[in-house]
Number of protein chains: 2
Amino acid sequence: MTVSAAVKTSDSRERVLDAAEKLFMERGYASVTMRDIANLLGVRQAALYYHAPQGKEQLFREVVDRFMQRQQQGLEDVIAAAPSHLEHQLTAVMRWLVTQSPVDMIRMLRSDASHISESYAAELLRKVDQSMMRPLITVVLAAQERGEIRPLDPHVMVGMLLAVINWIKYFDSSQAISVSTDDMIHDIIGVVLHGVVNR
Amino acid sequence: MTVSAAVKTSDSRERVLDAAEKLFMERGYASVTMRDIANLLGVRQAALYYHAPQGKEQLFREVVDRFMQRQQQGLEDVIAAAPSHLEHQLTAVMRWLVTQSPVDMIRMLRSDASHISESYAAELLRKVDQSMMRPLITVVLAAQERGEIRPLDPHVMVGMLLAVINWIKYFDSSQAISVSTDDMIHDIIGVVLHGVVNR
DNA sequence: GTCTATAGTTCGATAGAC
DNA sequence: GTCTATCGAACTATAGAC
């Protein structure tokens, strides 16, 4: 048997999820219509129901699950590949994150989740925590144990890093600023590690 | 003539804008329906068209304009009231910002703006820059000129501070973390000023 | 200033041909 | 796997009574 035939979950289905991911992550659940997704794919709206028989909500859930799984794997990979030194690990993480679909987690938790169901917000928060925050918190805690950095609730630091990613991407896409993405990452990590104060 | 009669632009109109602001800022343009706003006010949906004859889009634009104007005034006031020292000024700014409606500027620029018109994104970016970024950038530049901090593109630092505000509010409202809002602000400013590295 | 009633539009979803 | 056609629901907006 061929390898590809055994592994693949149908190519066109992946393409549907790709299109849905791009739009859902960028504009949010309510802003994106099934017609938007279909138009991006160059098919009719009804064709989406072959791939997602339970409709828009199923599509969103699968997009989120796949996205979070990919984030966790990607983060763990780049962290493992970097030297055990906070600066290198954070740089690797930030460089990986800016290459991914922009994910506005606050919007997902505060707005998107409310369109799915009451309990989905909690489930989503668990996924976000597990996939995106946990790997970074592990890195910060390890650096604390190595004595590289002072003790401090790692949530605060990780929140700062994740929050600023979307600004980097926005500055980059809107050309509202003349600094390159790599320079911004470098500056941000410089601030987080050593602060801005002259000494 | 009475003072209040001369100044007020109708009380009920303000209440409409308050309700619209609360919902638009929290969930975004597409997620909020005219019925949601009317329900929050305890009136019927059609009643909103007395206050905003041009409908939902007008309501959103006026909410944004009023919000940005209030932000700019508030920021300038707390900055002016604080000593000319970066730590005090940033603390005052952060404490003010966490008391305001959560504003997801990235969502506004990337998602909400697309429902209004092509050109509104640029207009919105100008408002955000003028009202929220500019006052903070001024503070950072002044600290640089006083020699308090090293030179660095102020956009990066200001972006970090604005980005992390929503995480503070989210952590606070979801009780996902056991640190108080004031402690988080203190820690964040500590990180930005002095970094996390032991020395 | 707010109401009821409703027109017009858009959306999510289903049925059935190919 | 994708299409056309269409239904019912939800939404924005308007008309006119009070």
Side-chain angles (χ1 to χ4, degrees), chain A residues 4-5 7-64 108 111-118 120, chain B residues 4-5 7-64 66 111-118 120:
Chain A
S4 64
V7 173
K8 97 166 73 178
T9 26
S10 153
D11 245 15
S12 57
R13 187 182 159 68
E14 289 297 307
R15 282 179 44 248
V16 169
L17 288 177
D18 288 343
E21 176 179 317
K22 175 166 163 44
L23 295 177
F24 278 142
M25 291 300 175
E26 191 168 317
R27 306 212 307 261
Y29 186 80
S31 269
V32 175
T33 70
M34 295 296 270
R35 280 175 182 80
D36 290 335
I37 300 170
N39 287 345
L40 187 60
L41 288 164
V43 299
R44 299 290 180 176
Q45 173 249 9
L48 297 177
Y49 288 83
Y50 172 81
H51 302 282
Q54 289 154 311
K56 189 179 179 182
E57 182 174 326
Q58 179 189 1
L59 215 45
F60 184 77
R61 284 173 180 264
E62 289 187 9
V63 161
V64 169
M108 285 178 60
S111 177
D112 296 353
S114 70
H115 292 275
I116 310 290
S117 80
E118 187 73 22
Y120 187 62
Chain B
S4 63
V7 173
K8 95 167 73 175
T9 25
S10 151
D11 247 14
S12 58
R13 185 168 166 38
E14 288 297 306
R15 283 178 46 247
V16 169
L17 288 178
D18 287 344
E21 176 180 316
K22 176 166 163 43
L23 295 177
F24 279 142
M25 291 300 176
E26 190 168 319
R27 307 212 306 260
Y29 186 81
S31 270
V32 175
T33 70
M34 295 296 268
R35 273 178 186 80
D36 291 335
I37 299 169
N39 287 344
L40 186 60
L41 288 164
V43 298
R44 299 290 180 176
Q45 172 251 10
L48 297 176
Y49 288 83
Y50 172 80
H51 302 281
Q54 288 153 313
K56 188 179 179 181
E57 181 173 326
Q58 180 189 1
L59 215 44
F60 184 78
R61 284 173 180 263
E62 289 188 8
V63 161
V64 169
R66 195 185 65 151
S111 177
D112 296 353
S114 70
H115 293 274
I116 310 290
S117 80
E118 187 71 24
Y120 187 62

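A, B, ... follow the sequence lines: proteins, then strands. Residue 1 opens every chain. Basis for what follows: all heavy atoms, side chains included, without hydrogens, waters or symmetry-related copies.
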> Parallel under 30°, tilted from 30 to 60°, perpendicular over 60°: which one fits the rings of B:Tyr29 and B:Phe24?
Replying inline: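 Plane angle under 30°, so parallel.
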[atom1] of [X] versus [atom2] of [N]: gap in Å, rounded?
| X | N | atom1 | atom2 | answer |
| --- | --- | --- | --- | --- |
| B:Leu41 | C:dT2 | CG | P | 9 Å |
| B:Lys56 | C:dT9 | NZ | P | 18 Å |
| B:Gln54 | D:dT14 | CD | C1' | 14 Å |
| A:Tyr49 | D:dC7 | OH | P | 17 Å |
| B:Asp36 | D:dC11 | CG | P | 7 Å |
| A:Met34 | C:dT14 | CE | P | 10 Å |
| A:Asn39 | C:dG12 | CG | P | 11 Å |
| B:Phe60 | D:dA13 | CZ | P | 14 Å |

>> Near DNA chain C, counting only heavy atoms under 4.0 Å, which residues of residues 13-31 of chain B show up?
In response: none
Could you report the tightest heavy-atom contact between [X] and [Y], atom names first, then the distance?
| X | Y | answer |
| --- | --- | --- |
| A:Asp36 | A:Ser31 | OD2-O, 3.7 Å |
| A:Ala30 | A:His115 | CB-NE2, 3.6 Å |
| A:Leu48 | A:Val16 | CD2-CG1, 4.1 Å |
| A:Gln58 | A:Pro53 | OE1-N, 3.3 Å |

N/O contacts under 3.5 Å, protein versus nucleotides 4-6 of chain D?
residue : atom : partner : partner atom : Å
D:dT4   : OP2  : A:Arg44 : NE           : 2.8

>> Could you check whether any side-chain heavy atom of A:Glu62 comes within less than 4.5 Å of a side-chain heavy atom of A:Arg13, counting everything from C-beta outward?
In response: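 Of all side-chain heavy-atom pairs linking A:Arg13 with A:Glu62, at least one is under 4.5 Å.
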> Do B:Lys22 and B:Val63 come close enough that some side-chain heavy atom pair is under 4.5 Å?
Replying inline: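 Answer no - side chains too far apart.
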> Which nucleotide in the set C:dA13, D:dT12, D:dG1 lies at the smallest distance from any side-chain heavy atom of A:His51?
Replying inline: D:dG1
> Quick one: which of D:dG1, C:dC3, C:dG1 gets closest to the side chain of A:Ser12?
Replying inline: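 Nucleotide nearest to A:Ser12's side chain: D:dG1.
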>> So, does A:Tyr50 get its side chain near the phosphate of D:dT2, meaning an N or O under 4.0 Å from OP1 or OP2?
In response: no
> What's the spacing between A:Met108 CE and A:Met25 CE if we round to 0.5 Å?
Replying inline: 5.0 Å
>> Once rounded to the nearest 0.5 Å, what's the spacing between atom OH of B:Tyr49 and atom CE of B:Met34?
In response: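 One finds 3.5 Å between OH of B:Tyr49 and CE of B:Met34.
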